[in-house]
Amino acid sequence: MKDHDDFERWLAEAAPTLNAPSATPKQEMWTNISARLEAAPHDLSGADGARPRGTIGHSKRWLWPLAVAAALVLGAAIDRLVLQRDSVIDTPRTIANVDSMRSDSSTVSRKNIQERQVVTDPKPRPRPGLERSAAPEQVATNIERGAPRGEQRAPSAVTADPSRVGPARSADAGANATLRLAATQTLVQAEMLLAAYRADDSTEARQLGRWARDVLVSTRLLLDSKVANDVKLRTLLQDLELVLMQVAQLSGAALDDIERDLLDRTLKDRDLLPRIRSAVPTGAAIITTTSTSD
Amino acid sequence: MEMAQPLKHYRHQAESLSDERRLVGRARAGDSTAQRTLYEAHVDRVYRLAYRLSGSEELAKEFTQDAFVRAFERLDDFRGDSAFGTWLHTITTSVTLNGLKKNKRMRDREAPLEEAITLARKGGDDFDLRERLARAVAALPEGCRTVFMMHDAEGYTHEEIAEALGISSGTTKTQLSRARAKLRIALAAFAKEWVR
């Protein structure tokens, strides 16, 4: 207890010496305070002696509405960007839908479809032989969905909004459709080439190499085109390019075992042939046949 | 005759209070003379409190200036329920404690330098013990440290501390007891020295 009292007494003496302040620098501090107060005179008193208001309070009051407004503007901008991108991507699909509806659906009148087509598809229609068979736009759709070959997309409602499709976008859509047609043809060629290779006709090695070089040129051109923006199609074309390069190097009269082994392994690893088949829409082979016979 | 002194004292207090309210009213209207008068009347205590809590002259000056600027900017919030000094000390403790939180990292970095200066200035037989005390106080929880410094070092009453910190006087008493108990434990090794 005595010890406790001693401590309390000692503490009472020692505490005032802790952080003992020196003389107050009054003038120096007042100079700074008055300078700060003068810097914001309107905060202390209004001309009419009204209640002074702190600048901090003012700015905070506007902070939330400003933040909300900024968020709205940003949201609208993002929405516009997304809509623009969607309309460019959606336009070719709409054309494909119209095509499939024309051939399959009996409930939609032909006149109605043609009216919509005028708006959504300003490019010249493909040749009659091609029109009915392969929809090149469907290549991308099949790749996206991973649909097996021969599986036809169910006709969906035509959602084209004429106000959203301008002449520039229509021209873009036309170019895209052409590129997709070229992609389809290249993939069909590749499929036929690979099928011929797997037929195990060893005497055709040199011919296969020549054929592969032709397809390789198309593949590389496609990889440099807008079609390559489609990630899945680009990956498929890149894998195809690799295989085609291997086939193109075949120069001997007969297929070497090592070369064949390498090729087989690549084909198996990349699962190339099934991917090409699922990417190529039904009837694409007919296009090639028709176009070659023309 | 004995009753005359307290009456005079209360009258003087009332006059002071009335003068203070007038001063506050003028300061609110932007009268710089009134502001200066209020400043002169309270700056010493405000500065001392800021210095005690911060332990740094530079910080004490900064916090004192901030406290006065904020007080003059917010004079409308002062309703006159308490004395201007009490209201000002509430602002001072708030500004100082918030400022210390912001400057904590900086203070930690500067601690060795401050310590060196303090060591050079101080001396005496119980130098180690006082140094230990300073460190032990610095290590106290914020609430305990603030109450301890305000009460034991600066001489504020529990009511004043309670009003400045916005807590009950019972809480300040508890915190002061805790602070002293912790200091006692922290300085137990030096028990012989405080008995001397």
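Every chain is numbered from 1, with letters handed out A, B, ... down the list of sequences.
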B:Arg36, part contacting chain A, at a heavy-atom distance under 4.5 Å: both
Any A:Thr24 side-chain heavy atom under 4.5 Å of B:Tyr51 side chain: no
Non-hydrogen atoms of B:Ala153 and A:Ala15 that approach each other most closely: CB-O, 3.5 Å
Exercise: identify the closest heavy-atom pair between B:Tyr39 and A:Met29: OH-CB, 3.3 Å
Side chain B:Arg52, main chain A:Pro16, donor-acceptor under 3.5 Å: yes
B:Leu53 CG to A:Asn19 CG distance, which is reported to the nearest 0.5 Å: 8.5 Å
Rounded distance [0.5 Å steps], CH2 in A:Trp30 versus CD in B:Gln65: 11.0 Å
Test item: B:Tyr47 side-chain N/O and A:Pro21 main-chain N/O as donor-acceptor pair under 3.5 Å: no
B:Val43, part contacting chain A, at a heavy-atom distance under 4.5 Å: both
Residue pair A:Leu11 / B:Phe148, side-chain heavy-atom distance below 4.5 Å: yes
Heavy-atom side-chain proximity of A:Leu37 to B:Phe68 below 4.5 angstrom: no
B:Asp66 CG to A:Asn32 CG distance, which is reported to the nearest 0.5 Å: 10.5 Å
Minimum heavy-atom distance between B:Arg130 and A:Ala14, given as atom pair plus value: NH1-CA, 3.4 Å
A:Glu28 versus B:Lys61, closest heavy-atom pair with distance: OE2-NZ, 2.9 Å
Separation between CZ of B:Arg145 and CG of A:Leu18, rounded to the nearest 0.5 Å: 12.0 Å
